[in-house]
Every structure is written in C-alpha cells, then in structure tokens.
Amino acid sequence: MDLERNKQTVLAFYEAGLNQKDFETASKLIGDRYVQHNPKIADGIEGFEAFARQLREDFPALRAEVKRIFADGDFVIAHVHGVRVPGQPGTAIVDIFRLDRNGKIVEHWDVMQPIPEAAENRNGMF
C-alpha cells in the first residue's frame, strides 16, 4: 500500500466531491464497487452522485476542511471540520475510507458531532 498516495486521493476527493461539488472529477477517485456505511447515502457511484447533487442544491457554500489525516494499510482516516452554511459552527467529522490496491476509494464510514456554542473546556474539537 502506498500510504501517502492514499492520503492524497482522499484529500483530492474532499476537494472535488465536497468543496467543489464536482461529481465528474470525484468519481474518478472511486473504485468499481463503492460501499457506503452512512445510512443517508446509497451505495455505489449513483449514491455518491445523488449526494453530490444534494450538496450543490442544498448547501452550495459547504466547506470541508481536513484538520488531520492518517493512513494505515488500505484505510485512510480524516478528522474534518464541516461547515454547511458559512458562519455556523459546523460539525466535527471522522471519516474512514478504504481504498483498493489501485488507490481508488471503495468504502466509506463516518461519525459526526455538531460543534456546540459553548464547551466545558478550552481544548476545542480540532
């Protein structure tokens, strides 16, 4: 496994698919079989296409900023600050991707937590 290549693929996927909402470019980073574990998104390239279309329509200014990224074997884990609408606190996200031997994304999991207005500590979520 080329860990650095896999991290760069995931970063390119965020930029194209989420920040630019460019399905055509992002789809080139997805393998032949794409398994989605987020229950609100369908499996396959068609599921990602519908998700990207929804983002373009509902949240055209959405931004995903990768704060940390790790690779282990064929997995890439990203700690992300997602903001759907500028000015809102957004969401802390951990995305897990599995890539195939060709460096294509073939599986995705995520865990999301809204960022509260106030916290019991000053550590921040990132």
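Below, all heavy atoms of this structure are taken into account, side chains as well, without hydrogens, waters or symmetry copies. Residue indices begin at 1 and follow the sequence shown.
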With a 4.5 Å limit on heavy-atom distance, are the side chains of P116 and M125 in contact? yes
Output, in order, the C-alpha distance, side-chain angles, deciding distance and verdict of side-chain contact (heavy atoms from CB on, under 4.5 Å) for E107 and F97. CA-CA 6 Å; E107 199 162 5; F97 297 93; over 6 Å; no
If you round to the nearest 0.5 Å, how far is CG of D43 from CG of N38? 11.0 Å
Closest non-hydrogen atom pair, A92 against I115: N-CG1, 3.8 Å
Does the separation of the ring centres of F51 and F23 fall below 6.0 angstrom? no
Mind running side-chain contact (heavy atoms from CB on, under 4.5 Å) on F59 and V85 for me, showing each step along the way? CA-CA 7 Å; F59 304 105; V85 177; 4.2 Å; yes
Taking atom CG as the centre, does D58 end up with more than 12 heavy-atom neighbours from other residues, nucleotides or ligands that are less than 6.0 angstrom away? yes
Are any non-hydrogen side-chain atoms of I41 and Q36 less than 4.5 angstrom apart? yes
To the nearest 0.5 Å, what is the distance between CD1 (I77) and NZ (K7)? 11.0 Å
E65 with K67: basic N within carboxylate O range, under 4.0 Å: yes
Residues V10, L99; criterion side-chain contact (heavy atoms from CB on, under 4.5 Å); working and verdict: CA-CA 9 Å; V10 168; L99 288 80; 4.1 Å; yes
Answer yes or no: does atom CZ of R56 have more than 12 heavy-atom neighbours from other residues, nucleotides or ligands under 6.0 Å? yes
Parallel, tilted or perpendicular, judged at 30° and 60°: which one describes the rings of F48 and Y34? perpendicular
Any link between L18 and M112 through a network of hydrophobic side chains (Ile, Leu, Val, Met, Phe, Trp, Tyr) touching at under 4.5 Å? yes
Rounded at 0.5 Å granularity, tell me how far CG in D100 sits from CG in D74. 9.0 Å
Walk me through whether I69 and L11 qualify under side-chain contact (heavy atoms from CB on, under 4.5 Å). CA-CA 9 Å; I69 191 162; L11 288 170; 3.9 Å; yes
NZ of K21 to CD of E57, rounded to nearest 0.5 Å, is 12.5 Å
H108 side chain near H37 side chain, heavy-atom distance below 4.5 Å: no
Is atom CZ of R98 surrounded by more than 12 heavy atoms (other residues, nucleotides or ligands) closer than 6.0 Å? yes
Please say whether more than 12 non-hydrogen atoms of neighbouring residues, nucleotides or ligands are located less than 6.0 Å from CZ in R101. no
